[in-house]
K.L.:
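Starting off with a structure, shown below.
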Amino acid sequence: MRIVCNGKAREVADGLTLGALVDSLGQGREGVAAAVNSAIVRRADWDATALRDGDEVEVFSMVAGG
Amino acid sequence: MDNLVLAGVELPSRLILGTGKYASGEQLKQAVAASGAAVVTMAIKRVDTEGHRDDIVGPLRELGVRLMPNTSGARDAREAVFAARLSREALGTDWIKVEVHPGQKYLLPDPIATYEASRELVRDGFKVFAYCGADPELCRALEEVGVAAVMPLGSPIGSARGLETRGMLSIIIEQSHVPVVVDAGIGAPSEAAAALEMGAAALMVNTAVAAAGDPVAMARAFCLAAEAGRTAYEAGLASRAATARATSPMERFLEEAMK
């Protein structure tokens with residue numbers, strides 16, 4: 001299936017979970033947040049959240065700032 | 001020296017340090033340690049799926065400082081609320097520094113968007129620290145919607161122009177029932193001390209430390225300035241006078257003796 005992750009289309013395995021997608025970005029999970037179709041998904045729910053074809057996923061992380 | 005209390009949390013330092021613009025994570029860590037700051041700010045950003053990420057959360061957690069995420073990058077209230085909710089998930093904190101500055105040249109906070117975002121986030125259970133213009137009435141309105149502190153600016157972010165809003169800051173400090181954290185524009189430790197001498201509860205700096213010749217040494221200078229400024233405030237400054245007030249005896253003994 002095809003999803004969009006941070007603005008870029010990507011082909012992923014059917015049933016890929018949000019947790020697995022985040023892990024594939026190599027950012028770890030500490031200080032990371034994610035939203036699917038503009039709805040924030042709590043970290044505790046990432047592994048139980050199966051992505052669906054056409055989903056738009058946004059992954060965010062904490063960075064330096066003032 | 002009294003401890004600062006923000007959102008019910010007692011903190012050993014009146015300095016809040018921004019984490020932006022440091023040359024390396026190691027330098028940032030050393031500067032935070034040298035500053036004595038108990039609270040540091042961070043931003044949230046969409047992950048670059050092809051780049052690498054410097055983890056700064058881990059090292060900062062090791063230092064034991066409290067992390068205060070900000071909503072920097074938000075151009076309106078809706079974006080600020082979304083950034084706040086993301087940050088809460090990312091860091092597990094309900095503290096949020098609300099900042100909405102649509103204009104890139106001066107990065108001045110949009111008062112209406114700041115107010116609206118702050119109101120919504122307070123309702124949502126956040127401890128809101130509102131970065132705002134040095135407008136006493138805006139600060140009063142923010143206090144009424146329940147922010148944990150107001151963060152009026154001294155001058156534009158990163159400008160190192162100091163306390164250009166001094167007159168308004170003193171009115172805000174006089175009237176506020178929530179802590180006043182002077183934020184933005186402080187360029188020198190003397191200005192940090194001045195803000196605390198005026199009675200500000202705390203102050204926030206980033207560029208003045210990060211862009212200094214030696215950021216770690218400058219962090220230490222700000223630590224000392226914050227202590228000096230607060231101690232001076234608590235000691236009570238001498239009143240100003242239009243004319244001289246003699247500090248030595250003014251008897252006319254010399255005149256008498258040299259007759």
Side-chain angles (χ1 to χ4, degrees), chain A, chain B residues 16-25 27-28 40-61 67-73 78 81-93 97 99 107 131 157-158 183-184 204-210:
Chain A
M1 64 178 186
R2 214 169 161 74
I3 62 162
V4 176
C5 179
N6 286 12
K8 292 196 181 85
R10 59 164 76 193
E11 197 67 38
V12 297
D14 284 359
L16 181 78
T17 65
L18 178 59
L21 176 70
V22 171
D23 290 344
S24 77
L25 299 177
Q27 309 284 318
R29 294 191 177 193
E30 171 74 15
V32 175
V36 178
N37 302 324
S38 302
I40 297 169
V41 182
R42 315 201 95 158
R43 199 178 304 162
D45 298 329
W46 286 358
D47 290 323
T49 302
L51 298 173
R52 286 175 296 193
D53 190 50
D55 274 350
E56 290 190 18
V57 182
E58 299 279 353
V59 183
F60 302 83
S61 69
M62 300 310 299
V63 295
Chain B
I16 297 174
L17 200 66
T19 59
K21 302 186 193 172
Y22 287 89
S24 67
Q27 187 188 59
L28 164 64
V40 300
T41 62
M42 304 184 75
I44 192 160
K45 189 171 159 256
R46 205 159 84 153
V47 167
D48 175 2
T49 54
E50 275 148 28
H52 81 293
R53 165 184 168 231
D54 288 329
D55 174 34
I56 65 166
V57 175
L60 291 171
R61 286 223 199 270
L67 306 180
M68 183 195 282
N70 68 34
T71 66
S72 181
R78 203 177 61 89
V81 168
F82 189 63
R85 289 177 177 151
L86 285 170
S87 299
R88 179 166 61 183
E89 290 306 315
L91 290 177
T93 178
K97 179 185 169 192
E99 50 177 303
L107 297 175
Y131 170 58
I157 291 173
D183 183 8
M204 160 145 188
V205 289
N206 186 339
T207 301
V209 172

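Computed from a predicted model, the values in this text were never measured in an experiment. Lettering follows sequence order; numbering is per chain, from 1.
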K.L.:
Sort Ser24(A) into side chain, backbone, both or neither according to what part of it lies under 4.5 angstrom from a heavy atom of chain B.
P.N.:
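Nothing of Ser24(A), per the 4.5 Å heavy-atom cut-off to chain B.
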K.L.:
Identify the heavy atoms of Arg43(A) and Leu91(B) that sit nearest to each other, and give their distance.
P.N.:
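So the two residues come closest at NH2-N, 4.4 Å.
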K.L.:
Using a cut-off of under 4.5 Å on heavy-atom pairs, state which of Thr41(B), Leu28(B), Ile16(B) scores highest against chain A.
P.N.:
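If we count pairs closer than 4.5 Å to chain A, Thr41(B) comes out on top.
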K.L.:
Determine the minimum heavy-atom distance between Leu86(B) and Ala33(A), stating which atoms define it.
P.N.:
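What the structure gives for the nearest pair is O-CB, 3.3 Å.
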K.L.:
Considering non-hydrogen atoms only, spot the tightest contact between Gln27(A) and Asp48(B) and give its length.
P.N.:
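Heavy atoms of Gln27(A) and Asp48(B) come nearest at NE2-O, 4.2 Å.
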K.L.:
Donor-acceptor pair, Asn70(B) side chain versus Gly66(A) backbone, under 3.5 Å?
P.N.:
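Yes; at least one donor-acceptor contact below 3.5 Å.
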K.L.:
If you compare all heavy atoms of Thr19(B) against all heavy atoms of Val63(A), which two are closest, and at what distance to 0.1 Å?
P.N.:
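In terms of heavy atoms, the two residues are closest at OG1-O, 4.4 Å.
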K.L.:
Provide the closest heavy-atom pair for Asn6(A) versus Val47(B) in the form atom of the first, atom of the second, distance.
P.N.:
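Residues Asn6(A) and Val47(B), closest heavy atoms: ND2-O, 2.6 Å.
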K.L.:
Which atoms of Phe82(B) come close to chain A, meaning under 4.5 Å heavy atom to heavy atom: side chain ones, backbone ones, both, or neither?
P.N.:
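Backbone plus side chain of Phe82(B), per the 4.5 Å heavy-atom cut-off to chain A.
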K.L.:
Would you mind checking which part of Arg88(B) comes under 4.5 Å of any heavy atom in chain A, side chain (CB onward), backbone (N, CA, C, O), both or neither?
P.N.:
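Interface part for Arg88(B): neither.
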K.L.:
Identify which part of Met204(B) has an atom lying under 4.5 Å from any heavy atom of chain A, answering side chain, backbone, both or neither.
P.N.:
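Side chain only.
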K.L.:
In terms of heavy-atom contacts, does CD of Gln27(B) have more than 12 from other residues, nucleotides or ligands at under 6.0 Å?
P.N.:
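Yes.
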K.L.:
Between Arg46(B) and Glu58(A), does at least one N-O distance fall below 4.0 Å, as a salt bridge requires?
P.N.:
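Here Arg46(B) pairs with Glu58(A) in a salt bridge, since their nearest N and O are under 4.0 Å apart.
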K.L.:
Using a 3.5 Å distance criterion without hydrogens, assess whether the side chain of Arg42(A) forms a donor-acceptor pair with backbone atoms of Glu89(B).
P.N.:
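It does not hold such a pair.
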